[in-house]
Amino acid sequence: MDFVLTKDQRDLQQMVRDFATNEIAPLAAEIDRTDEYPLELIKKKMGELGLMGIPIPEENGGVGADFISYMLAIEEISYASASVGVILAVHSSVGTMPILKFGNDEQKAKYVEKMAMGEWIGAFCLTEPSAGSDAASLRTRAVRDGDHYVLNGSKIFITNGEVADVFIVFAVTHPELGTKGISAFIVERDTPGFSIGKKEHKMGMNGSGTVTLNFDNALVPATQLLGNEGDGFKVAMSNLDGGRIGIAAQALGIGRAAFDAAKDYVKQREQFGKAIADFQAIQFMLADMATRLEAARLMIYRAAALRQEGKPCSMEASMAKYFASDAAMYVTTEAVQLFGGYGYSKEYPVERFMRDAKVTQIYEGTNQIQRIVVAKNLLKG
Ligand code: CAA
């Protein structure tokens, strides 16, 4: 067992850290305040550097890095800006990967390279007003009509949806077949009958372009079916396995940012005639924060290594996702506490970290759903 990153992994980590420090961190507070999608940063700077296609093979226009390197990149970017972290994670893990894994040659040729290079942004469209945790209860219908499918319904809370070019959409083709009656489609932004609806105003993760999508007799060419009819639930769940490890890495980045800020602060903040870091009560808080982050990191690396080897990792991904996001919520809340009144002020970034951390316990499957996945895996067979 080797707990040391390879040279390639360390090089990529350092490159992303430098980029995030110089190009993303200075924009983070502004992205949060304005709630504006950082399109130029994403498409131009990150796209040109290859950051929008880290785990995509080189022959498909990506960097061809391993899954652990991809997790390191998400952590570094989320350390600088959680919003940019989720934009990247959703685009790559559940926007591009489904096409790479389930697409036919034409679909891969048309979409994957452009997405890996950041020219086209991807979105993953599963959640509906009445189908959140119960993802199998989708109501969006897709009915075959000649060489098209006609889609009707709506999707909500779609990250990147505000600007995305390519939407992975799940819809019911055969209602009588349950999860086997769900199909996946690649929907382009200018599809007739498809429109972008209202934008969500959220507690945090601002700037990630979260919107509602409407399908009103949307005409999707039959060639846009991803995989076979009935494969949709498998497409969604198998890509969420990887996506959830990414959300864990995102949570780790947010938690580490909060921890570093708090550690610096307690060393310079003086009360009762000495730095508050000299009080054991404060030291114990730091120790608990660091220990949870370290445990999260190990779980993420383990799940990512399984994913890289192509081994089953649903259980480990769910464990990492719920542990790391709980750790991020704990660490960011403690960081606000350590900053005292200043922590509650928008003058310091820790209140943003706390707001951003919250949704990592909710999206890509709530932490209660992660426990269901863990328990199902423990009890099967
Ligand atoms: N990989 C491949 N196939 C899988 C799978 C996986 N990880 N998990 C399940 N399946 C298959 C099963 O094998 C089963 O197939 P068979 O019938 O052939 O055995 C089929 O799918 C149905 O599985 P379940 O019986 O387990 O399905 P379920 O209806 O009980 O649902 C669930 C399981 C875990 C609760 C699922 O509904 C779920 O994950 N819900 C949460 C939804 C979610 O994560 N949404 C995230 C939205 S995206 C997002 O948040 C992105 C963002 O913006 C940040």
Side-chain angles (χ1 to χ4, degrees), residues 20 24-39 41-42 74-91 93-94 121 123-124 127 132 156-164 198-212 243-244 246-262 289 292-293 296 321-339 341-370:
I24 302 179
L27 307 177
E30 190 66 0
I31 293 172
D32 176 57
R33 193 183 63 76
T34 60
D35 196 14
E36 272 178 31
Y37 194 95
L39 198 58
L41 171 75
I42 300 296
I74 292 181
E75 179 191 338
E76 292 305 325
I77 288 170
S78 303
Y79 183 97
S81 163
S83 301
V84 178
V86 77
I87 288 170
L88 167 72
V90 167
H91 167 80
S93 302
V94 288
I121 304 289
F124 179 81
T127 305
I156 58 167
F157 304 145
I158 304 305
T159 302
N160 286 343
E162 187 182 13
V163 302
K198 85 171 166 82
K199 179 170 168 173
E200 293 297 331
H201 297 291
K202 304 169 301 198
M203 172 193 276
M205 233 36 107
N206 292 326
S208 56
T210 313
V211 294
T212 293
R244 287 166 180 167
I247 298 305
Q250 185 198 28
L252 177 61
I254 301 168
R256 209 184 91 220
F259 176 79
D260 285 354
M289 292 158 79
R292 291 189 198 203
L293 292 177
K321 194 272 189 189
Y322 91 67
F323 188 90
S325 57
D326 284 352
M329 200 62 229
Y330 174 82
V331 169
T332 55
T333 307
E334 291 294 81
V336 168
Q337 189 70 17
L338 287 168
F339 269 78
Y342 295 111
Y344 204 65
S345 160
K346 286 198 184 283
E347 209 172 307
Y348 290 88
V350 286
E351 62 82 31
R352 165 163 57 88
F353 299 151
M354 187 177 164
R355 286 186 286 108
D356 285 343
K358 182 61 204 170
V359 77
T360 65
Q361 296 177 310
I362 298 171
Y363 59 26
E364 299 220 7
T366 64
N367 283 2
Q368 289 67 36
I369 289 297
Q370 307 309 325

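When a residue number appears, it is its place in the shown sequence, counting from 1.
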How many angstroms lie between atom OH of Tyr330 and atom CG of Leu293, to the nearest 0.5 angstrom? 10.5 Å

Using modelled atom types only, decide if a donor and an acceptor are shared between the side chain of Ser345 and the backbone of Glu347 within a distance under 3.5 Å. yes

Any Arg355 side-chain heavy atom under 4.5 Å of Asn206 side chain: yes

Does the side-chain contact (heavy atoms from CB on, under 4.5 Å) test come out yes or no for Glu30 and Glu36, once each step is laid out? CA-CA 8 Å; Glu30 190 66 0; Glu36 272 178 31; over 6 Å; no

For residues Glu351 and Tyr342, is any side-chain donor paired with an opposing acceptor at under 3.5 Å? no

Over all heavy atoms of both residues, which pair between Met289 and Ala335 is shortest? Give the atoms and the distance, please. CE-N, 4.0 Å

Looking only at heavy atoms, the pair that brings Tyr344 and Val336 closest together is N-CG1, 4.3 Å

Take Ser208 and Lys202 through the test side-chain hydrogen bond (donor to acceptor under 3.5 Å, both in side chains) and record every step on the way to the result. CA-CA 10 Å; Ser208 56; Lys202 304 169 301 198; 2.8 Å; yes

Quick check for you: to the nearest 0.5 Å, what is the distance between Ile74 atom CD1 and Gln250 atom CD? 8.0 Å

Residues Ala324 and Ala248: closest non-hydrogen pair is CB-O, 3.6 Å

pair Thr210-Ile158: side-chain heavy atoms closer than 4.5 Å: no

Counting neighbours of CD on Gln337 that are heavy atoms of other residues, nucleotides or ligands and sit closer than 6.0 Å, is the number greater than 12? no

Of the non-hydrogen atoms in Ala328 and Ala251, which two are nearest, and what is the gap between them? CB-O, 3.4 Å

So, does Ser93 use its side chain to make a donor-acceptor pair with the main chain of Val90 at under 3.5 Å? no

Is there side-chain contact between Leu27 and Pro38, with heavy atoms separated by less than 4.5 Å? no

So does Glu364 get a backbone contact from the side chain of Gln370, meaning a donor-acceptor N/O pair under 3.5 Å? yes

Nearest 0.5 angstrom please: Glu75 CD to Leu252 CG, how far? 4.0 Å

Donor-acceptor contact below 3.5 Å, side chain Ser81 vs main chain Ser78: no

Side-chain H-bond candidate by donor/acceptor type, Asn367 with Ser325, under 3.5 Å: yes

So, do Phe259 and Leu338 sit near enough that their side-chain heavy atoms are less than 4.5 Å apart? no

Hey, are Arg292 and Asp326 close enough for a salt bridge, meaning a charged N less than 4.0 Å from a carboxylate O? no

Once rounded to the nearest 0.5 Å, what's the spacing between atom CD1 of Ile254 and atom CZ of Phe353? 9.0 Å

Measure the CD1-CD distance between Ile247 and Gln361 for me, rounded to the nearest 0.5 Å. 12.5 Å

Taking the side chain as C-beta and beyond, is there a heavy-atom pair between His201 and Asp35 under 4.5 Å? yes

Using only atom types and a distance under 3.5 Å, with no angle test, would you say the side chain of Lys321 pairs donor to acceptor with the backbone of Gly246? no

Could you tell me if the side chain of Val350 sits less than 4.5 Å from the side chain of Thr332, heavy atoms only? no

Shortest non-hydrogen contact between Ala25 and Ala80, atoms and distance: N-CB, 3.8 Å

Separation between CD1 (Ile31) and CD1 (Ile87), nearest 0.5 Å, reads 7.0 Å

Does any part of the side chain of Ile369, heavy atoms only, come nearer than 4.5 Å to the side chain of Tyr322, both counted from C-beta? no

Please step through salt bridge (Lys or Arg N to Asp or Glu O under 4.0 Å) for the pair Lys199 and Glu162, ending with a clear verdict. CA-CA 7 Å; Lys199 179 170 168 173; Glu162 187 182 13; 3.4 Å; yes

For the residue pair Thr212 and Glu200, establish whether any side-chain heavy-atom pair is separated by less than 4.5 Å. yes

